[in-house]
Amino acid sequence: MGLVVQKYGGTSVRDAERVMNVARRITDTYKQGNNVVVAVSAQGDTTDDLIEKAKEINENASKREMDMLLATGEQISISLLAMAIEKLGFPVISLTGWQAGVVTDTRYSAARIKRIDTERIRSELDKKRIVIVAGFQGINKYDDITTLGRGGSDTSAVALAAALHADVCEIYTDVDGVYTADPRFCKNAYKLDDISYDEMLELASLGANVLHNRSVEMAKKYNVKLSVRSSLNNNEGTYVKEVEQVEKMLVRGVTRDNDCARIALCGVEDTPGKAFQVFQMLAKSGISVDLIIQSIGNGVQKDISFTVAEGDLEASLKLLEENQPVIKANEIKWSKDVSKVSIVGAGMVNNSGVAATMFEALSDAHINIKMIATSEIKISVLVDQKDAERAVVAIHDKFLLN
């Protein structure tokens with residue numbers, strides 16, 4: 001008998017029919033002799049609807065009260081799912097994050113899990129019950145409800161699997177697994193049987209929406225075996241684990257991320273420490289910077305270009321404009337109509353010519369490159385947003401169909 005942790009996203013439980021479908025899948029796992037713990041997201045668009053309700057009352061509601069509100073979405077899901085499992089005749093109990101012992105730090109709306117006190121869950125498993133846990137939430141040292149932010153239910157599931165030493169953590173979504181590219185517009189994309197933690201972490205950080213990067217980080221840290229699969233069929237999914245002999249496949253995936261903006265500081269004084277001054281200023285305001293290019297300069301002035309998340313653009317511009325006399329930049333330019341296109345593969349580290357092949361694919365497709373960044377297992381380029389999907393298809397077919 002094993003211990004299986006499962007996670008179901010909002011689309012998997014969006015209506016009564018899908019809730020019953022999930023209940024049958026859970027009970028099938030239970031009937032195989034497994035202990036089962038399940039983390040669940042809020043149904044469908046519930047979280048967005050709750051945010052709109054809050055805005056009708058108070059546009060500037062505190063994060064503490066928003067957490068109190070948003071946590072109710074998962075509470076609805078877990079109770080309905082428990083009712084469905086009851087209807088099928090199986091022992092079950094639903095638990096909120098705090099009932100399940102999920103303890104977080106004190107940051108509202110973006111809390112981090114500090115530990116999970118598993119006593120209550122283990123007690124329920126000893127009673128042979130299926131345990132349904134509200135994802136996305138926990139409790140802090142002040143006994144206040146907190147939420148984990150974007151991708152929180154994935155993180156909840158992996159944390160539960162780590163704390164309980166589960167045999168596997170199954171992440172159920174509306175796709176069959178991890179694909180080499182987004183199959184919605186890349187028709188030649190195909191599903192991977194397995195992928196390494198590092199590769200999945202890069203893909204998740206670069207725009208692949210199958211798993212949240214925080215959950216992959218945690219899975220790698222605690223060696224939690226992940227299985228990404230569809231809740232709508234019984235197809236085999238993709239395993240995320242320490243994969244051996246990954247060099248057999250040079251590039252594992254191509255991603256596109258439209259959530260970025262480019263900022264250019266033109267005519268910056270060419271003196272030591274100027275880049276440090278700019279990026280320290282952004283870091284102190286909690287703004288993460290991604291791709292960076294600095295021109296050689298002429299000994300008097302240089303240009304510095306970089307990208308930030310689109311949601312950070314307004315705050316970045318305000319900060320830089322307020323400090324423009326200190327930075328000594330002649331002009332600040334920006335653009336939102338850009339996308340980051342990336343290739344990821346652990347096999348790249350020992351192979352030359354990967355960048356050249358990627359750039360050749362973009363050249364053949366007549367797509368201009370604005371910025372470039374590389375690491376051992378990824379290469380990212382910035383292109384016009386209108387060209388992003390074509391770029392993904394061109395690069396994917398160049399690497400993954402040959």
Side-chain angles (χ1 to χ4, degrees), residues 51 54-55 58-67 70 105-112 146-152 202 204-207 212-214 217 256-342 369-375 378 380-385 388:
I51 291 171
K55 287 180 179 179
N58 182 354
E59 285 275 358
N60 299 305
S62 69
K63 290 183 177 180
R64 180 194 182 279
E65 297 307 326
M66 286 302 296
D67 277 7
L70 297 183
D105 62 20
T106 56
R107 281 178 289 185
Y108 299 103
S109 81
R112 295 268 176 169
T146 55
T147 64
L148 307 181
R150 183 168 169 254
E202 289 287 6
S205 301
L206 295 168
H212 195 266
N213 58 318
R214 279 172 61 188
E217 283 177 358
R256 170 203 63 174
D257 185 3
N258 291 336
D259 181 26
C260 58
R262 181 176 66 160
I263 297 173
L265 302 177
C266 304
V268 178
E269 187 179 72
D270 192 4
T271 55
K274 191 57 65 174
F276 166 72
Q277 186 180 41
V278 171
F279 295 121
Q280 184 193 43
M281 186 187 304
L282 293 166
K284 282 184 174 179
S285 295
I287 297 168
S288 295
V289 173
D290 193 8
L291 311 186
I292 302 172
I293 289 181
Q294 179 174 300
S295 66
I296 295 174
N298 56 13
V300 179
Q301 292 181 331
K302 60 188 174 186
D303 298 338
I304 301 175
S305 299
F306 56 92
T307 60
V308 297
E310 189 175 329
D312 288 331
L313 176 61
E314 187 176 338
S316 300
L317 291 174
K318 182 180 178 182
L319 185 66
L320 293 169
E321 286 166 0
E322 287 174 351
N323 290 275
Q324 192 167 349
V326 179
I327 298 168
K328 296 182 180 178
N330 292 338
E331 187 179 6
I332 300 174
K333 296 180 179 180
W334 59 274
S335 173
K336 291 195 293 186
D337 299 323
V338 291
S339 291
K340 182 169 58 179
V341 175
S342 309
I369 299 171
K370 297 178 179 294
M371 300 176 77
I372 303 167
T374 65
S375 75
K378 77 167 182 185
S380 296
V381 297
L382 199 70
V383 301
D384 287 330
Q385 197 168 107

*Asks:* For the residue pair D67 and T147, confirm or rule out a side-chain donor-acceptor distance under 3.5 Å.
*Replies:* yes

*Asks:* Which distance, rounded to the nearest 0.5 Å, do you find between the CD1 of I287 and the CZ of F306?
*Replies:* 8.5 Å

*Asks:* Using a 4.5 Å cut-off on heavy atoms from C-beta on, say whether the side chain of L319 contacts that of L282.
*Replies:* yes

*Asks:* Measure the shortest side-chain to side-chain distance between I263 and L313 over non-hydrogen atoms and say whether it is less than 4.5 angstrom.
*Replies:* yes

*Asks:* State plainly whether the residues K340 and D259 are in salt-bridge range, i.e. N to O under 4.0 Å.
*Replies:* no

*Asks:* Could you measure the distance from the CD1 atom of I372 to the OG atom of S380? Nearest 0.5 Å is fine.
*Replies:* 10.5 Å

*Asks:* Between S339 and R256 (side chain of the first, backbone of the second, donor and acceptor by atom type, cut-off under 3.5 Å), is there such a pair?
*Replies:* no

*Asks:* Would you find a donor on one side and an acceptor on the other, under 3.5 Å apart, between the side chain of N330 and the backbone of C266?
*Replies:* no

*Asks:* When rounded to the nearest 0.5 angstrom, what distance separates NZ in K328 from CG in L265?
*Replies:* 15.0 Å

*Asks:* Report yes if some heavy atom in the side chain of L382 is under 4.5 Å from a heavy atom in the side chain of R262; otherwise report no.
*Replies:* yes

*Asks:* Which heavy atom of V383 sits nearest to which heavy atom of A388, and what is that distance?
*Replies:* CG2-CA, 4.1 Å

*Asks:* Which heavy atom of A329 sits nearest a heavy atom of V268, and at what distance?
*Replies:* CB-CG2, 4.0 Å

*Asks:* OG of S305 to CD1 of I293: how many Å apart, nearest 0.5 Å?
*Replies:* 6.5 Å

*Asks:* List the atom of K336, the atom of E310, and the distance in Å for their closest heavy-atom pair.
*Replies:* CD-OE2, 3.7 Å

*Asks:* Taking the side chain as every heavy atom from C-beta outward, state whether V278 and I327 have any atom pair closer than 4.5 Å.
*Replies:* yes

*Asks:* Does D312 use its side chain to pair, donor to acceptor, with the backbone of V308 at less than 3.5 Å?
*Replies:* no

*Asks:* Are E202 and S375 side-chain neighbours, meaning at least one heavy-atom pair lies under 4.5 Å?
*Replies:* yes

*Asks:* In plain terms, say whether D270 and K302 are close enough for a salt bridge, that is, a side-chain N and a carboxylate O under 4.0 Å apart.
*Replies:* yes

*Asks:* Would you name the heavy atoms of A111 and D105 that are closest together and state the gap between them?
*Replies:* CA-OD1, 3.4 Å

*Asks:* Does the pair D303 and S295 meet the rule for a side-chain hydrogen bond (donor to acceptor under 3.5 Å, both in side chains), with working shown?
*Replies:* CA-CA 5 Å; D303 298 338; S295 66; 4.7 Å; no

*Asks:* Is it true that a side-chain atom of Q385 and a backbone atom of D337 form a donor plus acceptor pair closer than 3.5 Å?
*Replies:* no

*Asks:* Would you say that more than 12 heavy atoms from the other residues, nucleotides or ligands in this model lie under 6.0 Å from the CD of E314, or not?
*Replies:* no

*Asks:* Side chains of N323 and M281: closer than 4.5 Å at any heavy-atom pair?
*Replies:* yes

*Asks:* What I'd like to find out is whether the side chain of M371 reaches to under 4.5 Å of the side chain of V381, using heavy atoms alone.
*Replies:* no

*Asks:* Flag the pair I51 / M66 as yes when at least one side-chain heavy-atom distance between them is below 4.5 Å, and no otherwise.
*Replies:* yes

*Asks:* Does the side-chain contact (heavy atoms from CB on, under 4.5 Å) test come out yes or no for R112 and L148, once each step is laid out?
*Replies:* CA-CA 6 Å; R112 295 268 176 169; L148 307 181; over 6 Å; no

*Asks:* Can you name the nearest heavy-atom pair linking D384 to K370, along with the distance?
*Replies:* OD1-CE, 2.6 Å

*Asks:* How long is the span from the CD atom in E269 to the CD atom in Q277, to the nearest 0.5 Å?
*Replies:* 9.0 Å

*Asks:* Rounded to the nearest 0.5 Å, what's the gap from NZ on K274 to CZ on F279? Could you check?
*Replies:* 12.5 Å

